[in-house]
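Beneath this line is the structure, given in structure tokens, with notes to follow.
Every heavy atom of this structure was used, including side-chain atoms; hydrogens, water molecules and symmetry mates were not.
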Amino acid sequence: MARFLAALQLLPALESGEETLVGGQAVLEGVMMRSPHAWGICVRRPDGTIASHSEPLERPSEKHKWMGWPMVRGVVTLGQAMSLGFRALRFSANVALNEIPAGKDGKKIEINGWVAAVNVIISLGFFIFMYKFLPLVAATELKQHVSPVFGNQIIFNVVDGVIRIALFLGFIWLTSLWADLRRVYQYHGAEHKTVFAFEAKDPLTPASVQKYVTWHPRCGTSFLMTVMLISIAVYTAIPAHTFGTRFAIRIALLPVIAGVSYEIIRFAAKHRGSLFAIMTAPGLWLQRITTQPPSDDQVECAIGALNEAMELEAERGGDLVIA
């Protein structure tokens, strides 16, 4: 349960949120891969065998055209990616729990809906407290007790942003020291390598996949870093002078900042030499932590998950769009 909760906090950093491309997410001892109209997951059991699963996937923008509009599509896609990512993470956790002997009543331990809902609430609360409330408190304390210069609109929001990024980097680094989550980072690397191989139309074999790097421009880690950098500029542009107003703005503008960041990541992935690509570079650097070189058996899970998704995609007749 501890691994599940910790991985849940890292969910946005472990996933790819582009709805028209092949992408995926690392889970506990496995990988989830998605195509435009399907998703598949492969999880390594303790005995070495692989548990797999696949389901069709609806694209919101095909049902409602307005959900494909710029800015809107980022929020919609991120919401769907988070929902799917949680389902995949829950599947992987239940595969691990299924290996625990049944209790006296003969029932297997699993993460049910109520437990999952509580974990989501905890995760949301953790995010708001860690990356919205704490940095704002720290910046306010500096303004009130260190120097009035920290009350300057630009300086205040830059300090707030730097503290937010420092907390995020610290959390990522600390989780990388946990052996179980370091394995998740290895599966994250396996997912990226497999996507690179697929996009290059290389054979999906461990030997072919392993030659690619582990950092990918469409990664959730890059998205989060872009969100944090963009938020500094957005908060600076909106005058606010009280703690309550500033905190309310940070919550209310989350969808706007997410939408802008999504468009930047999308553009940068297709135009590697652009200014926006340079802006996303810190996220690629951070992936040196959130992705680690995988073993061949971890790559096999990523390949298996992609094959699961692609088989169902072919049945549904979906068209793929490759960046």
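Residues T245 and T242 bring a donor and an acceptor atom of their side chains to less than 3.5 Å of each other. For T214 and Y185, the side-chain atoms include no donor-acceptor pair closer than 3.5 Å.
In this structure, the side chains of P294 and K193 come closer than 4.5 Å at one or more pairs of heavy atoms. With a 4.5 Å cut-off on side-chain heavy atoms, L286 and L224 do not count as touching. Using a 4.5 Å heavy-atom cutoff, the side chains of T236 and I232 are in contact. Looking at Q287 and T290, their side chains come closer than 4.5 Å, going by heavy atoms from C-beta outward. The closest side-chain heavy-atom distance from M228 to P282 is not below 4.5 Å. By the 4.5 Å heavy-atom criterion applied to side chains, F127 and L254 are counted as neighbours. Looking at heavy atoms from C-beta onward, V256 lies out of side-chain contact with V234 at the 4.5 angstrom threshold.
Cluster annotation: W285 and L167 are assigned to distinct hydrophobic clusters (Ile/Leu/Val/Met/Phe/Trp/Tyr, side-chain heavy-atom contacts under 4.5 Å, transitive). Cluster membership for I163 and F171, using ILVMFWY side-chain heavy atoms within less than 4.5 angstrom, is shared. Taken together through direct or relayed side-chain contacts under 4.5 Å among Ile, Leu, Val, Met, Phe, Trp and Tyr, F150 and L134 form part of one hydrophobic cluster. Grouping the Ile, Leu, Val, Met, Phe, Trp and Tyr side chains by contacts below 4.5 angstrom, directly or via other members, places L169 apart from L174.
Between I257 atom CD1 and L229 atom CG the span is 11.5 Å, to the nearest 0.5 Å. Taking NZ from K132 and CD1 from I249, the interatomic distance works out to 11.5 Å, rounded to the nearest 0.5 Å. Going from atom CE of M32 over to atom CD of Q25 covers 4.5 Å, rounded to the nearest 0.5 Å. Between the CZ atom in R87 and the NE2 atom in H53 there is a gap of 7.0 Å [rounded to 0.5 Å]. Atom-to-atom distance recorded for F91:CZ and E55:CD is 9.5 Å, nearest 0.5 angstrom. The CD1 atom of I172 sits 9.5 Å away from atom CG of L181, with the distance rounded to the nearest 0.5 Å.
Using a 30° and 60° split on the angle between ring planes, F126 and Y131 fall in the perpendicular class, above 60°. Between F196 and H216, the two ring planes are tilted [angle within 30° to 60°].
At distances below 3.5 Å, not a single donor-acceptor pair connects side-chain atoms of Q153 with backbone N or O atoms of A237. In this structure, Q298 contributes its side chain and A190 its backbone to no donor-acceptor pair below 3.5 Å. Judged by distance alone, the side chain of S176 and the main-chain N or O of W173 form a donor-acceptor pair under 3.5 Å. A side-chain donor-acceptor contact under 3.5 Å links E313 to the backbone of H37. In terms of modelled atom types and a separation under 3.5 Å, the side chain of R246 and the main chain of A240 share a donor-acceptor contact.
Of all non-hydrogen atoms in V299 and Q210, the two that sit nearest each other are CG2-NE2, 3.6 Å. Nearest heavy atom pair, residue A51 against residue V95, reads CB-CG2, 4.0 Å. Between L204 and T194, the closest heavy-atom pair is CD2-O, 4.1 Å. When all heavy atoms are compared, the tightest approach of V195 to G23 is CG2-CA, 4.2 Å. Heavy-atom minimum distance, R250 versus F156: NH2-CE2, 4.2 Å. Nearest heavy atom pair, residue L57 against residue S35, reads CD2-O, 3.8 Å.
Dense packing is recorded around CZ of R288, with more than 12 heavy atoms of other residues, nucleotides or ligands lying under 6.0 Å away. Atom CG of L177 sits in a crowded spot, with more than 12 heavy atoms from other residues, nucleotides or ligands closer than 6.0 Å.
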- [ ] Give the intermediate values and the outcome of side-chain contact (heavy atoms from CB on, under 4.5 Å) for residues S92 and L89.
- [x] CA-CA 5 Å; S92 68; L89 187 58; 3.9 Å; yes

Open item on the list: Would L136 and F243 count as a side-chain contact (heavy atoms from CB on, under 4.5 Å) here? Give the steps.
Closed with: CA-CA 8 Å; L136 187 56; F243 182 92; 3.6 Å; yes

Task: Step-by-step side-chain contact (heavy atoms from CB on, under 4.5 Å) determination, C42 to E308 - done: CA-CA 8 Å; C42 285; E308 288 281 336; 4.2 Å; yes

Open item on the list: Using the rule given for side-chain contact (heavy atoms from CB on, under 4.5 Å), can you reason through F247 versus I128, listing the C-alpha separation, both sets of side-chain angles and the distance that settles it, and then say yes or no?
Closed with: CA-CA 10 Å; F247 186 66; I128 293 175; 3.8 Å; yes

